[in-house]
Amino acid sequence: METAAIYHRPESEFAYLYQANDLRLRLRTKRDDVASVNCFFGDPYASTTDDLTNNSGSSHWDYQTTAMHKIASTEDFDYWEAAVQVPYKRAQYDFQIIGVDGQEVLYGDRGVFPFAVDAIGTNGNPFRLPYLHEIDRFKEPDWVRQTVWYQIFPERFANGDPTNDQVGVKPWRSDLSPNRTDYYGGDLQGVLDHLDYLQELGINGIYFCPIFKAYSNHKYDTIDYLEIDPDFGNKELFRQLVEAAHQRGIKVMLDAVFNHIGDRSVQWQDVVANGEQSRFANWFHIKRFPVTYQETDNFESAKALTFDTFAFTPHMPKLNTANPEVKQYLLDVAAYWIKEFDIDAWRLDVANEVDHAFWRSFAETCHQLKSDFYILGEVWHSSQPWLTGDQFSAVMNYAYTETLINGIVNHTLTPTRMVDGLNYQRTLYQRQVNEVMLNTLDSHDTARLLTVCDHDKTLMRQVLAFTFLQEGEPCIYYGDEIGLDGGNDPDCRKPMNWDESTQDHALFKFYQQLIQLRLDHADLLTQGEFTWNLVDDAQQLVIFTRAQGGRQLTATFNLDAQPHSMSVSGRTQLCQNFDKGILGPKGFVITMK
């Protein structure tokens, strides 16, 4: 047995409260190295005698035993889990690990020792959870698990009010690629006018890219966080939009950039004008005065910056969120849009570059106003530091969906490597975190899914079906549902196609079916047990089940270029390229029983 691979850490994704009095314990071992694992657990003060010295290591500890089950495997490791109840909200525990070679060890807080029954719970070896405070339990907003998101880039969704258009807006053409500085006149009235369309599609959450006053068309260079950009409308219109969405059962998530502010903001302009004497001089990370930079051929990049920015963009100076004045200003912004407009969620741009102390205060501010408020961070990499319950509810699950795309679309990963990668991402976080992750296959920052699939809509539908069956919530980028394409930014920001004669109505219907399937079985698909039944590299087949409370959904995907004979059971919920027991290339079949 490779004992060096054995790992556990209390008060982490390896030991946490899933629900009240539902303690989840995980253990990591080398892949295919361990035959079984038993967990010995109990209250640290429970004794078979009146002697309570077991707290410091008595052999009289009164413990229970539960077998752990393997929940996931990655390229290098197996992960085991047990769910236990601890009535006094205290726990100590250690593990009996039996290798495939027959070796037995006892693993606890002090390390790995040869297994002996008399050693269980002794010598201070057990791991300890001194008291499981309900306030420390990660509490995901329950409504998020019932949500399918729809991302809207406001300037490109619909032009509902031409009177607020900028001079020189371009004709609304979805078949032409935009430039970075183009304007088309999209606004909030356009979204309000098409809420019936979104309701017909079936989504129940809108994720807006920034709508605050800013200089650019994308609005990530904020001028004023407390004003709606006049290109989009005004506060009264936004209030109407939120109320109309809520009447339809649609939640509203706003996008905010608190890492940096726009260089047209009052604060930065004061620094430019007054230098070190500016009242806002300490609002930013300034290396020396005056604030200067050297322009390049790229508007988005500069050299010799005397101040910190987002990337090397001189027009986005980085805010000093550790400054109490800056911190309070931004917290007031967060509270304002919740109190005044009843928004349901914040999506936080460049969230990984802001200090953790600020995000803890941010989360407290939001949750004091709405206990079930959803906080979504833009983090493209492993995100454990933000997902311990005191900062974000979830992150944009790019690492997960990129693995999925590489396996199903690009075929740069074998089915085994794809599943290993998906499992690895799932084991990084507590179970309730995975349940509210945002799973997006494309966005304003990436090429559109149809383009990624080389305009193969059969392949596109296959990867969509796979995504909608995962734990986290799916997010649709506006226009994907009617066949809008586009490469990387800015091509992915084409105006929405409202010409019904050129929309793909069959694709729209598929999205409707997929969304309905997701919402009909939301609890099963977010909280149900996940089992990989078959991952076959030779035949390029992947089969998995989601099970909960006697219900079981089984999904079979053919990633091969050849058809395969398949025997399925249960009621077919949705399928593609499946007929008379033959599952064709890019095919899938989803059944329920």
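In this chain, residues are counted from 1 in sequence order.
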Original post:
For residues Asn558 and Asn577, is any side-chain donor paired with an opposing acceptor at under 3.5 Å?
Top reply: no
**OP:** Step through the shown structure and confirm whether more than 12 heavy atoms of other residues, nucleotides or ligands are within 6.0 Å of CZ on Phe312.
**Re:** no
Original post:
About how many Å separate CZ of Arg551 and CG of Asp523, when rounded to the nearest 0.5 Å?
Top reply: 7.0 Å
**OP:** Determine the sole option in Arg156, Arg173, Lys170 for which the salt bridge (Lys or Arg N to Asp or Glu O under 4.0 Å) test with Asp182 is passed.
**Re:** Lys170
Original post:
Do Asp491 and Ser177 have side-chain N/O donor and acceptor atoms under 3.5 Å apart?
Top reply: yes
**OP:** Measure the CG-CG distance between Asp480 and Leu441 for me, rounded to the nearest 0.5 Å.
**Re:** 8.5 Å
Subject >> Asn434 side chain vs Arg426 backbone, donor-acceptor pair below 3.5 Å >> reply: yes
Original post:
Angle class for the Trp359/Phe258 ring planes (parallel below 30°, perpendicular above 60°, tilted otherwise)?
Top reply: tilted
Original post:
With no hydrogens and no angle check, is any side-chain donor or acceptor of Thr556 less than 3.5 Å from a backbone partner on Ile543?
Top reply: no
Original post:
With distance as the sole test, does Thr531 use its side chain to make a donor-acceptor pair with the main-chain N or O of Thr545 at under 3.5 Å?
Top reply: no
Subject >> Glu300 CD: over 12 foreign heavy atoms closer than 6.0 Å >> reply: yes
**OP:** Return yes if a side-chain donor-acceptor contact under 3.5 Å exists between Gln166 and Asp231, otherwise no.
**Re:** yes
**OP:** Classify the side-chain pair Glu402/Asn406 by whether it contains a donor and acceptor separated by less than 3.5 Å.
**Re:** no
Original post:
Does Arg347 make a cation-pi contact with Tyr207, if we ask for NZ or CZ under 6.0 Å from the ring centre and within 45° of the axis?
Top reply: no
Subject >> Asp344, Ile343, Val436 screened by side-chain contact (heavy atoms from CB on, under 4.5 Å) with Tyr374, the one that passes >> reply: Val436
Original post:
What distance do Asn397 atom CG and Leu438 atom CG have between them, rounded to the nearest 0.5 Å?
Top reply: 8.0 Å
Subject >> Close aromatic pair by centroid cut-off 6.0 Å: Phe544 and Phe466 >> reply: yes
**OP:** Can you measure from CD1 (Ile405) to NE2 (His411) and round to the nearest 0.5 angstrom?
**Re:** 12.0 Å
**OP:** For the pair Arg431 and Glu140, find out whether any cationic side-chain nitrogen is under 4.0 Å from an anionic carboxylate oxygen.
**Re:** no
**OP:** Using the six-membered ring wherever Trp is involved, compare the ring planes of Phe530 and Trp532 and label them parallel, tilted or perpendicular (cut-offs 30° and 60°).
**Re:** tilted
Original post:
Out of curiosity, Phe557 CZ to Gln576 CD, how far, rounded to the nearest 0.5 Å?
Top reply: 9.5 Å
Original post:
Should we say atom CZ of Arg417 is surrounded by more than 12 heavy atoms from elsewhere, each under 6.0 Å from it?
Top reply: no
Subject >> Donor + acceptor pair across side chains of Thr502, Asn497 (<3.5 Å) >> reply: yes
Original post:
Can you check whether Asp263's main-chain N or O pairs, donor with acceptor, with Gln269's side chain at less than 3.5 Å?
Top reply: yes
**OP:** Is it possible for you to check whether Arg493 lies under 6.0 Å from the centre of the six-membered ring of Tyr183, through NZ or CZ, and within 45° of that ring's axis?
**Re:** no
Original post:
Could Lys235 and Glu227 be called an ion pair, given the rule that one side-chain N must be under 4.0 Å from one carboxylate O?
Top reply: yes
Original post:
Nearest 0.5 Å, what's the CG-NZ distance between Asp349 and Lys219?
Top reply: 15.0 Å
Subject >> Shortest non-hydrogen contact from Ile261 toward Thr222 >> reply: CG1-O, 3.2 Å
Original post:
Counting distance only, does the side-chain N/O of Asn204 pair as donor-acceptor with the main-chain N or O of Gly249 below 3.5 Å?
Top reply: no
Subject >> His505 (side chain) donor-acceptor with Glu500 (main chain) under 3.5 angstrom >> reply: yes
Subject >> Expected output: side-chain Arg239 to main-chain Glu340 donor-acceptor under 3.5 Å >> reply: yes
Original post:
Between His444 and Tyr220, is the gap from one ring center to the other below 6.0 Å?
Top reply: yes
Original post:
According to the interplanar angle, ranging from 0 to 90°, do the rings of Trp380 and Tyr398 count as parallel (below 30°), tilted (30 to 60°) or perpendicular (above 60°)?
Top reply: parallel
**OP:** Check for a donor-acceptor pair, side chain of Asp442 on one end and backbone N or O of Leu449 on the other, with a separation under 3.5 Å.
**Re:** yes
Original post:
Is it true that the side chains of Thr181 and Asn179 contain a donor and an acceptor less than 3.5 Å apart?
Top reply: no
Original post:
Going through the checks in order, is the side-chain contact (heavy atoms from CB on, under 4.5 Å) test met by Gln573 and Asp520?
Top reply: CA-CA 11 Å; Gln573 304 294 304; Asp520 284 347; over 6 Å; no
Subject >> Pair Phe157 and Trp498, ring centroids less than 6.0 Å apart >> reply: yes
**OP:** Determine the sole option in Asn439, Ile515, Val463 for which the side-chain contact (heavy atoms from CB on, under 4.5 Å) test with Phe468 is passed.
**Re:** Ile515
Original post:
Would you say Tyr424 has more than 12 foreign heavy atoms packed within less than 6.0 Å of its OH?
Top reply: no
**OP:** Indicate whether the side chain of Lys318 and that of Asn259 have a donor and an acceptor atom separated by less than 3.5 Å.
**Re:** yes
